[in-house]
Amino acid sequence: MFGSLFGRFNQGNVFPDSKITASAAIGIVVLIVVVLSLITITRRWKWLWNEWLTTTNHKKIGVMYIIVAIVMLLRGASDAAMVRLQQATSVGVHHGFMSASMFQQVVSAHGTIMIFFAAMGLMFGLINLVLPLQIGTRDVAFPFVNATSFWLFAAGALLINVSLGLGDFSGAGWLAYPPLSELKYSPTTGVDYWIWSLQIAGIGSLMSGINFITTIMKERARGMSLMKMPLFSWSVLGSMLLVAFAFPILTVTLTLLALDRTLGMHFFTAGGGGNAMMYVNLIWAWGHPEVYILVLPAFGIFSEVVSTFSSKRLFGYKSMVWAIMAITVLSYSVWLHHFFTMGASSNVNAVFGIATMLIAIPTGVKIFNWLFTMYRGRIRFASPMIWFMGFVFLFTMGGVAGVLLAVPAIDFQLHNSLFLVAHFHTMIVSGVLFGYFAGLTYWFPKVFGYRLNERLGKYAAYLWIVGFVLAFGPLYILGLMGATRRLDHYSAATGWHVMFIAAGIGGAVIACGIGVQIIQVIYSYLKRDSTRDITGDPWNARSLEWSTASPAPFYNFAALPVVSSRDAFWEMKHAKKRPEIPELEPLHLPKNTPAGLFIATFAFLFGFGMIWHLWWLALIGVLGIIMTVLIRVTSGEHEETISVKQLKEVEASLTNWRDYA
């Protein structure tokens with residue numbers, strides 16, 4: 001009875017035995033206590049509950065996504081710094097500051113956090129902030145589902161950080177290949193933390209994907225046909241189609257691995273009749289579309305940024321749309337290139353190698369269209385454009401490396417080497433992070449009402465670009481020299497030490513870039529009165545989100561816009577006759593509700609119970625989710641009405657931005 005009640009807690013190894021992990025756990029606990037104390041001292045609990053924790057407003061949900069994503073980005077960057085320091089110091093008779101086991105956990109946590117919680121969080125945050133405004137609607141199609149999706153994402157992020165203080169984390173890599181992730185080789189809680197944090201957050205991502213597809217297809221402004229949508233909205237549609245088709249694969253794969261570990265099944269254990277290669281196929285059938293799930297919205301951001309700061313209509317709009325859709329389809333035809341070396345026939349490898357090269361074509365189309373947009377344009381090199389220029393340089397370099405790896409014979413030599421690590425990071429950092437940093441800078445005044453400091457923004461971009469070249473350029477060389485990934489120690493005779501030190505210096509430069517970004521946010525907040533946006537359109541932009549006040553009111557548009565052309569706001573600004581403002585009508589908006597927060601709380605309890613075999617806690621989690629959903633769907637009215645009088649009062653309280661628009 002004692003064992004069943006306390007699960008794995010009575011088996012020892014509950015608290016971390018590493019000073020590094022223990023220090024990180026204590027630091028997180030102290031930080032949480034400080035934040036909670038400040039909220040209590042300033043008596044902000046009621047405000048926090050009413051304005052944020054129970055909100056269904058897509059803009060506030062977007063801000064919360066970004067806050068959680070930035071926290072996870074800093075956590076992932078800390079893991080990366082530890083990896084670089086270990087590899088720079090663990091050579092010959094010196095063994096660095098981490099054990100081999102600890103190193104593998106840090107590497108696994110870094111990859112998992114950066115992809116699932118930093119990049120995905122930034123993506124969903126920006127989509128929430130911008131998409132409804134850009135297509136001329138007041139909210140997403142399913143506001144309550146949107147709030148629940150965020151809280152599931154936050155619950156997964158919290159669960160993965162609990163592993164710092166209770167148990168350990170997976171050392172089986174960021175994709176947890178069997179047999180290493182099976183119970184025989186990973187008997188502790190690490191892989192289970194990986195499974196359930198991803199499962200909970202992944203279900204939230206799937207819900208978001210369906211929500212945004214529905215929003216785009218059903219909630220667009222009157223007159224906005226699909227071929228009149230901004231490119232960012234098109235890129236979101238392509239990305240969310242991938243989410244809707246790829247994330248069910250991840251859900252099933254994680255479930256099968258959990259059944260192997262929890263109930264002794266053998267889907268992936270060769271000794272029990274399972275097949276580990278089935279896992280590899282499934283995880284990459286999700287994993288390669290995941291790369292494009294992240295990068296397509298970044299492509300959309302670059303399209304908006306380049307057009308705005310070149311003061312030109314985007315070149316080749318239709319070809320850009322077709323390129324997005326081509327990438328969406330082709331991304332499902334290349335997953336096997338991730339395991340060319342694992343025994344497939346030469347014919348199979350050739351087919352997937354050719355498909356991999358084909359997907360480079362629509363990406364190249366987009367690069368050339370962006371450059372042609374800049375051609376003879378009145379280019380303003382604001383910080384979003386600096387991020388774009390860094391992207392073009394680095395992404396092209398990484399793309400060429402990718403085409404090399406698409407050749408099976410070359411991949412046989414470079415697979416599992418640091419060349420592959422450098423290629424992957426080149427595509428994700430320049431293609432995803434740079435895009436989201438550009439988007440955050442570009443849309444920041446629309447969300448908060450003031451601009452970020454431009455000089456500090458440019459300094460940060462330059463540091464990231466230079467630091468990235470220094471950090472990952474040596475990894476390409478090390479990969480060609482035979483250095484493998486996840487390497488925590490190497491012989492001095494290899495001659496690799498200097499390159500690892502250079503990579504560490506590059507990582508330090510990137511850290512300086514992150515520091516400048518933090519200073520930029522703080523400095524901009526302190527100087528916000530001097531950079532306040534009173535026009536609603538600080539960049540002289542082209543799409544509908546800039547037709548509202550900054551920050552946008554909670555209802556987005558007092559009267560929904562009517563669209564007649566592709567660059568709708570640009571045409572409105574330059575029309576000879578100013579469009580008439582239609583008569584205001586009462587608005588029906590979703591009420592705030594804590595149901596999403598409660599569902600995620602019970603999901604967290606379920607995940608924690610499954611990890612530690614606390615079956616009673618897992619049962620409470622399941623029952624709590626069911627009861628919360630039942631109460632939500634059977635409760636009364638879920639909307640509130642904003643009268644014309646209230647609407648006019650809010651409009652009157654805004655700055656006279658219409659006079660500037």
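Keep in mind that this is a model prediction, so the values were computed, not measured. The residues of the chain are indexed from 1 along the displayed sequence.
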>> Here's a test for you: under side-chain contact (heavy atoms from CB on, under 4.5 Å), which of Leu420, Ile410, Thr484 qualifies with His415?
In response: Leu420
>> Between Asp79 and Ile113, does the side-chain contact (heavy atoms from CB on, under 4.5 Å) criterion hold? Intermediate values first, please.
In response: CA-CA 10 Å; Asp79 290 336; Ile113 287 169; 4.1 Å; yes
> Where do Ser181 and Tyr279 land on the side-chain hydrogen bond (donor to acceptor under 3.5 Å, both in side chains) test, with the steps shown first?
Replying inline: CA-CA 11 Å; Ser181 58; Tyr279 179 92; 5.3 Å; no
> Is the distance between the ring centroids of Phe315 and Trp370 less than 6.0 Å?
Replying inline: no
>> Could you go through His266 and Glu182, starting from their C-alpha distance and side-chain angles, then the distance that decides it, and tell me whether this counts as side-chain contact (heavy atoms from CB on, under 4.5 Å)?
In response: CA-CA 9 Å; His266 299 288; Glu182 292 284 356; over 6 Å; no
>> Quick one, Tyr476 with Thr426, criterion side-chain hydrogen bond (donor to acceptor under 3.5 Å, both in side chains). Give me CA distance, side-chain angles, the key distance, then yes/no.
In response: CA-CA 10 Å; Tyr476 281 108; Thr426 304; 2.8 Å; yes
> Between Phe124 and Phe153, is the ring centre distance below 6.0 Å?
Replying inline: no
> Partners of Val421 by side-chain contact (heavy atoms from CB on, under 4.5 Å), sequence neighbours excluded?
Replying inline: Leu418, His425, Leu475, Arg485
>> Suppose we call two aromatic rings close when their centres sit under 6.0 Å apart. Are Trp286 and Phe116 close by that rule?
In response: yes
> Can you find a pair of side-chain heavy atoms, one from Trp443 and one from Phe232, that are under 4.5 Å apart?
Replying inline: yes
>> For His337 and Phe340, take the angle between the two ring planes, folded into 0 to 90°, and tell me which bin it lands in: parallel under 30, tilted 30 to 60, perpendicular over 60.
In response: perpendicular
>> If you compare all heavy atoms of Ser310 against all heavy atoms of Met385, which two are closest, and at what distance to 0.1 Å?
In response: OG-CE, 4.5 Å
> Taking all non-hydrogen atoms of both residues, which atom of Thr363 and which atom of Phe299 are closest, and how far apart?
Replying inline: CG2-CZ, 4.1 Å
> So, is the end of the Arg84 side chain (NZ or CZ) under 6.0 Å from the ring centre of Phe500 and within 45° of the ring's axis?
Replying inline: no
> Between Trp464 and Phe437, is the ring centre distance below 6.0 Å?
Replying inline: yes
>> So that I know where these two stand, are Phe309 and Trp539 an aromatic pair - ring centroids less than 6.0 Å apart?
In response: yes
> Are side-chain heavy atoms of Phe117 and Leu198 found at a separation under 4.5 Å?
Replying inline: yes
